[in-house]
2 protein chains.
Amino acid sequence: VARRRPFGEFDGIDVLRQRLTTPSNEVAVVGIGDDGAVLRRPSGELVVSVDASIEGVHFDLAWLSLTQAAERSFHAAVSDLAAMGADALASVCAIELPPHADRRAFAEIGKGQARAAGLLGCPIVGGNVTKGSGFGFTTTVFGTVPRGRSILRSGAEPGEEVWLSHQAGWAGLGLHLLQQRLATRRGRAWDFAPHLGRWTHAAIRAWTAPRAKLRESATWRRKASALIDTSDSLASEANHVAKASGVLMVLDHALLTSTHRPVTRAAIELGLDPLTVVLYGGEDYALLGTGPEKNRPVGALTVGRVERGRGAVLLVEGKHQPLRPGFDHLQVAR
Amino acid sequence: VARRRPFGEFDGIDVLRQRLTTPSNEVAVVGIGDDGAVLRRPSGELVVSVDASIEGVHFDLAWLSLTQAAERSFHAAVSDLAAMGADALASVCAIELPPHADRRAFAEIGKGQARAAGLLGCPIVGGNVTKGSGFGFTTTVFGTVPRGRSILRSGAEPGEEVWLSHQAGWAGLGLHLLQQRLATRRGRAWDFAPHLGRWTHAAIRAWTAPRAKLRESATWRRKASALIDTSDSLASEANHVAKASGVLMVLDHALLTSTHRPVTRAAIELGLDPLTVVLYGGEDYALLGTGPEKNRPVGALTVGRVERGRGAVLLVEGKHQPLRPGFDHLQVAR
């Protein structure tokens with residue numbers, strides 16, 4: 001009887017390769033399978049970014065299927081291209097798997113990555129597979145911008161408005177539901193604590209299935225002076241823009257409250273401080289931009305103003321309260 | 001008394017940034033510090049590759065300092081650019097650190113990465129820092145080749161020679177010394193089992209401090225029809241070339257023996273089968289190439305011949321023995 005060879009790295013790569021359709025050769029001359037991929041000469045400047053999503057740190061497999069975890073990690077990585085005002089070009093994915101990973105694990109990961117890559121038009125042209133202590137996805141994304149047209153954190157000017165592409169805090173609420181076991185996964189469905197309202201679906205979706213805002217970015221980049229995505233928290237990203245631009249970012253309590261009613265109501269239902277949820281919840285992957293009022297993109301939520309000064313503050317009844325940077329992956333216990 | 005804030009992600013990034021000198025703006029318009037780096041439009045096609053080096057899987061901190069581990073991982077990643085015949089352009093590094101990592105850990109990692117990036121002319125323009133269960137380095141490298149000039153695995157032709165840039169097996173011997181505790185690290189020095197010859201230094205250096213063969217590649221790419229690096233094993237890489245090119249790769253026992261005397265003698269001293277060490281030892285990061293005899297690069301070791309057929313074999317006294325692909329990161333217990 002022939003001894004069955006254990007499922008290994010090369011088998012896994014084959015399974016992944018079947019899932020990841022070869023990108024059109026408009027992008028890649030050489031795709032998965034050689035020592036590196038070869039991409040046609042980009043049409044402009046090249047934007048590159050890398051993002052990691054690690055089991056036990058960034059996600060828990062009680063909360064996400066492997067397919068969802070892979071898909072989520074891909075959107076998180078591509079969100080940085082949106083934050084630069086870039087068009088997606090291609091990506092490479094490094095995967096860590098625990099020793100017990102089997103064919104099905106590879107297939108699920110490939111499915112999630114392929115779905116995200118397809119939706120975002122960001123083909124996976126290469127990768128790496130290695131054993132680890134758990135599952136991990138490290139995704140490097142490449143994008144293009146016309147020369148000199150990337151939108152940096154450093155472009156904010158006093159007198160401009162501060163915009164959000166969508167309400168902050170939903171993903172933070174979703175994470176809270178998961179951590180407090182107020183939401184439990186049952187296959188593809190969710191059981192919620194019975195006393196909670198219908199908003200729970202939105203909160204869970206925000207955390208489990210964020211979408212990189214590439215399409216919004218294609219509009220915003222023609223309007224915004226500075227751009228960043230809220231991967232950490234609104235407070236944290238506002239501080240980043242303030243520091244890079246040498247300005248004071250003033251988030252306005254009244255504007256935040258009026259634009260964030262649904263999320264603040266949900267926070268109150270959970271007994272949480274609504275402003276903390278909006279300002280310090282992470283992983284919304286919203287676009288945060290600044291620009292002149294006349295440029296305000298359709299659908300943008302105006303949440304503050306850029307002023308002369310340094311740092312980020314919250315304006316409450318005419319007074320400035322400091323906004324600590326907040327949210328740090330190495331410090332936050334998950 | 002002010003409470004000292006624990007050392008976190010942003011502090012670590014600051015320490016890394018100090019180590020990683022900003023690359024000349026000939027390469028990067030925007031370096032570390034925004035959502036992504038922005039590189040000038042590459043001069044030709046873009047080669048991309050990603051490689052991961054994980055504590056407990058690829059290395060053990062009893063064998064390498066953090067600086068060495070970071071340096072080694074960077075060379076391993078850039079080796080794939082050499083294997084494509086590409087010039088190094090830039091890189092991004094995703095780092096995982098255990099919760100106890102402190103300022104010194106970041107400084108050591110930055111030192112190793114900066115040293116390798118400087119030596120190889122491959123500036124680090126961005127990265128990602130995250131908590132993990134141990135240390136891990138996932139490095140994505142970008143290179144350039146003139147249009148259509150990447151050297152693939154698929155170009156080998158019957159009648160050509162098979163070349164190695166340097167002796168295979170040394171790194172495998174080094175790993176054996178480490179695993180069997182025949183070599184133990186004492187700061188920057190090594191203690192070796194007293195009965196072993198002076199070759200132990202070469203073996204340890206081969207495993208702990210491999211060098212990406214970018215300079216050799218700049219010559220080989222004008223000579224070779226197919227190119228790969230021996231990150232796994234000679235047997236494994238020969239099989240890859242055979243499969244991609246649709247040829248029979250014949251490694252010649254007599255040629256291997258005559259070109260690998262020092263490493264085979266060392267193997268015998270350890271009681272190991274010398275041919276197994278040469279064929280199945282991993283992580284030498286040598287260039288393995290094929291090409292017509294008249295193109296043989298200066299210093300190349302000729303170890304076999306390309307013939308019509310499929311697969312990879314060892315030629316011993318006129319007979320072909322199959323060469324199993326061998327070496328698989330997910331299967332090999334370290």
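Residue numbers start from 1 in every chain, and the chains themselves are labelled A, B, ... in the order their sequence lines are given, proteins ahead of strands.
- Interface residue Leu227(A): only backbone heavy atoms are found under 4.5 Å from chain B.
- Of the atoms belonging to Ile54(B), it is side-chain heavy atoms, and not backbone ones, that fall under 4.5 Å from chain A.
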Pairs under 3.5 angstrom only: tabulate donor-acceptor contacts from the side chains of residues 140-149 of chain B to other protein residues two or more places apart or in another chain.
from	atom 1	to	atom 2	distance (Å)
Thr140(B)	OG1	Thr140(A)	OG1	2.6

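- Counting heavy-atom pairs under 4.5 Å between each of Asp51(B), Leu46(B), Asp80(B) and chain A puts Leu46(B) at the top.
- Within the 4.5 Å cutoff, the side chain of Leu61(A) has heavy atoms near those of the Phe135(A) side chain.
- The contact between Glu96(A) and chain B is made entirely by side chain atoms (from C-beta outward), counting heavy-atom distances below 4.5 Å.
- Considering every non-hydrogen atom in both Leu81(A) and Ala88(A), the closest pair reads CD1-CA, 3.8 Å.
- Residue Ala244(A): no heavy atom, backbone or side chain, is found under 4.5 Å from chain B.
- Looking at Val38(B), the atoms closer than 4.5 Å to chain A (heavy atoms on both sides) sit in the backbone and in the side chain alike.
- Within the 4.5 angstrom heavy-atom criterion, only backbone atoms of Ser43(B) (N, CA, C, O) approach chain A.
- No hydrogens or angles considered: nothing links the side chains of Thr139(A) and Ser91(A) as a donor-acceptor pair under 3.5 Å.
- Judged as a ring pair (Phe, Tyr, Trp, His ring centres under 6.0 Å), and not counting sequence neighbours, His75(A) has no contacts.
- Because its NZ or CZ atom is both nearer than 6.0 Å to the ring centre of Tyr280(A) and within 45° of the ring axis, Arg324(A) counts as a cation-pi partner of that residue.
- At a 4.5 Å heavy-atom cutoff, the contact between Val47(A) and chain B is made by backbone and side-chain atoms alike.
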